[in-house]
Structure formats: C-alpha cells, structure tokens
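Okay, structure first, notes after.
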Amino acid sequence: MKKFIVLFILALAAVSANAQSPHALWNEGIHGPVRSITETEYPADAVGKKKSVISTAEIKCDRQGMLQRQVIQTQGAERNYARYTYRYDEDGWLTDRLIYYKNGKLNVRNEYLYDESGNPLALDTYEGTDGHLYGRCEITFRNGGYYEKTYWNDDWEWTFVYNAQGDMVWERDREGSYIYKYKYDDRGNWTRRVRYPADEGDRPEDPDRVTFRKIVYW
C-alpha cells in the first residue's frame with residue numbers, strides 16, 4: 001500500500017479540469033480534443049537529465065478528450081508503477097478509476113460521487129484485494145471558480161487548491177506546502193509546471209521541481 005500512496009498522490013495532484021464542466025472535473029487538466037500526453041518531472045536543478053527523472057506519465061484520451069488510460073512511474077530508489085483505466089456511465093459521467101500493479105493485479109478502485117444536480121462531491125478509494133474503504137477525497141468550492149480537494153485516511157491528509165482554469169496552484173502534505181506556476185499552449189493546456197516550496201507565511205523563491213508535457217491532439 002505504501003507504493004500505492006506515492007502514485008495515487010501523484011495522480012490526485014494532477015487531477016483537474018475546467019471548473020465550468022462537472023463532467024470533466026477529474027479529467028487531468030485536459031481541455032479540448034487531446035489524444036495523448038507525455039509528462040516528465042525533473043528536479044529543478046537537473047532539468048533535461050535523463051538519469052535525474054523523478055516520474056513519468058503517459059495519458060491516453062478518446063476524441064472527446066476524456067481519459068481512457070494512464071501509466072505513472074516513479075524513478076529512483078523506489079521504482080513504482082501504476083496503470084489506470086477509467087469507466088463512464090451511458091451519459092458520459094466518470095464513475096470509476098481502476099488502478100493496477102505492473103503484474104496486472106488490481107491495486108485499488110476509485111469511485112466518483114456526485115450530488116443530484118451533477119456536482120462532484122467526493123472520490124472514494126477502495127482496496128483492490130478486499131474492497132475495504134481506504135480513504136476519501138472531498139471537494140470544496142470557493143469564490144472565483146477556485147476549488148479545493150482534500151484527500152485523507154486514518155494516517156494522513158493532503159490538500160490541493162485549484163484555480164478556475166482547473167490547474168493545481170497550491171498543495172499541502174506532511175512535508176510542507178508548495179505553490180505551482182504554469183506555461184500554457186494556445187488551447188489552454190499546460191505544457192510546463194514549476195513547483196516552489198512555500199511554508200506558511202513565506203514567499204516562494206527557488207523552485208524544486210519542473211514538469212514538462214508533450215501534447216498530441218486529434
């Protein structure tokens with residue numbers, strides 16, 4: 001389960017979308033007819049150095065830009081791997097995300113919850129072996145189109161804040177707080193994300209991580 005935590009938080013941190021589209025609230029910050037995305041994350045002081053890669057992600061979408069498959073791998077001392085597949089109902093609402101180990105065994109299942117008006121409420125996480133409820137991600141909407149996602153279980157808690165564009169701008173975990181800044185393409189999808197450590201009350205100065213996206217459109 002420790003390996004799952006690392007990869008799940010990487011995916012959860014990336015999960016975002018246009019706040020005006022509840023159908024896509026969990027859709028990895030994807031706008032328009034995206035066919036595929038390749039993400040590579042580096043330490044800020046070693047950008048472009050293959051041996052220094054922190055993590056990679058491969059994302060596949062259908063012609064409507066909705067998620068179909070994702071693979072995330074972390075590098076370094078603990079090499080972790082997770083493969084994600086997505087399920088939708090007949091109206092196109094995202095209902096489930098299945099996360100598998102490299103050997104094909106189901107790790108966990110995420111269930112997406114909505115209210116009667118179709119507004120996203122939460123994301124529940126169940127262990128793949130016995131179906132035990134392991135944790136929950138709850139959504140809180142703020143003024144100006146901003147919204148917040150808090151993931152928690154009995155042991156820890158992560159909080160992510162998103163702007164109206166649907167991109168994460170602030171994160172807090174057990175190790176501290178971080179601010180994110182972006183560069184976008186002409187379709188509104190981010191192509192570079194820079195993370196800055198920012199403890200409460202401090203202004204961010206030097207970045208510690210940089211992530212690049214290569215995007216292919218239909």
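Along the sequence shown, the residues carry numbers beginning at 1. Quick note: numbers below take in every heavy atom, side chains included, and nothing from hydrogens, waters or symmetry partners.
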Find out if a path of hydrophobic residues (ILVMFWY) with successive side-chain heavy-atom gaps under 4.5 Å connects [X] to [Y].
X: V108; Y: L133; value: no
X: V53; Y: V194; value: yes
X: V71; Y: L98; value: no
X: W152; Y: F160; value: no
X: W158; Y: I139; value: yes

Could you tell me if [Y] and [X] have a donor-acceptor pair between their side chains, going purely by distance under 3.5 Å?
X: Y88; Y: D62; result: no
X: N163; Y: Y182; result: no
X: S55; Y: E41; result: yes

Do [X] and [Y] touch side chain to side chain, with heavy atoms closer than 4.5 Å?
X: I59; Y: Y84; value: no
X: F141; Y: P120; value: yes
X: Y112; Y: T95; value: no
X: I179; Y: W170; value: yes
X: V34; Y: Y217; value: yes
X: D167; Y: Y180; value: no
X: L123; Y: Y151; value: no
X: R83; Y: R69; value: yes

Return yes if some donor-acceptor pair links the side-chain N/O of [X] with the main-chain N/O of [Y] below 3.5 Å, else return no.
X: D115; Y: S117; answer: yes
X: D124; Y: E111; answer: no
X: S52; Y: Y42; answer: no
X: T159; Y: R172; answer: no

Just how far is it from atom [atom1] of [X] to atom [atom2] of [Y], taken to the nearest 0.5 Å?
X: Q73; Y: K102; atom1: CD; atom2: NZ; result: 6.0 Å
X: K60; Y: I37; atom1: NZ; atom2: CD1; result: 10.5 Å
X: L94; Y: L67; atom1: CG; atom2: CG; result: 7.5 Å
X: T85; Y: R109; atom1: OG1; atom2: CZ; result: 11.5 Å
X: Y81; Y: N103; atom1: OH; atom2: CG; result: 10.0 Å
X: E39; Y: T56; atom1: CD; atom2: OG1; result: 9.5 Å

Write down the atom of [X], the atom of [Y], and the distance for their closest heavy-atom approach.
X: G188; Y: H31; value: O-CD2, 3.3 Å
X: P43; Y: I54; value: N-CD1, 3.6 Å
X: V47; Y: F212; value: CG1-CE1, 3.4 Å
X: I215; Y: D185; value: CD1-OD2, 3.9 Å
X: D130; Y: E127; value: OD1-CB, 3.7 Å
X: Y196; Y: K181; value: CE1-CD, 3.8 Å

Might you confirm whether atom CG of N143 has over 12 heavy atoms from other residues, nucleotides or ligands at distances under 6.0 Å?
-> no

Ring geometry between Y162 and Y147 (parallel below 30°, tilted from 30 to 60°, perpendicular above 60°) | parallel

Can Q70 and Y86 be said to form a side chain to side chain contact (heavy atoms under 4.5 Å, CB included), step by step?
-> CA-CA 9 Å; Q70 181 177 188; Y86 300 82; 2.7 Å; yes

Evaluation steps, side chain to side chain contact (heavy atoms under 4.5 Å, CB included), between W156 and D173 = CA-CA 8 Å; W156 38 262; D173 61 20; over 6 Å; no

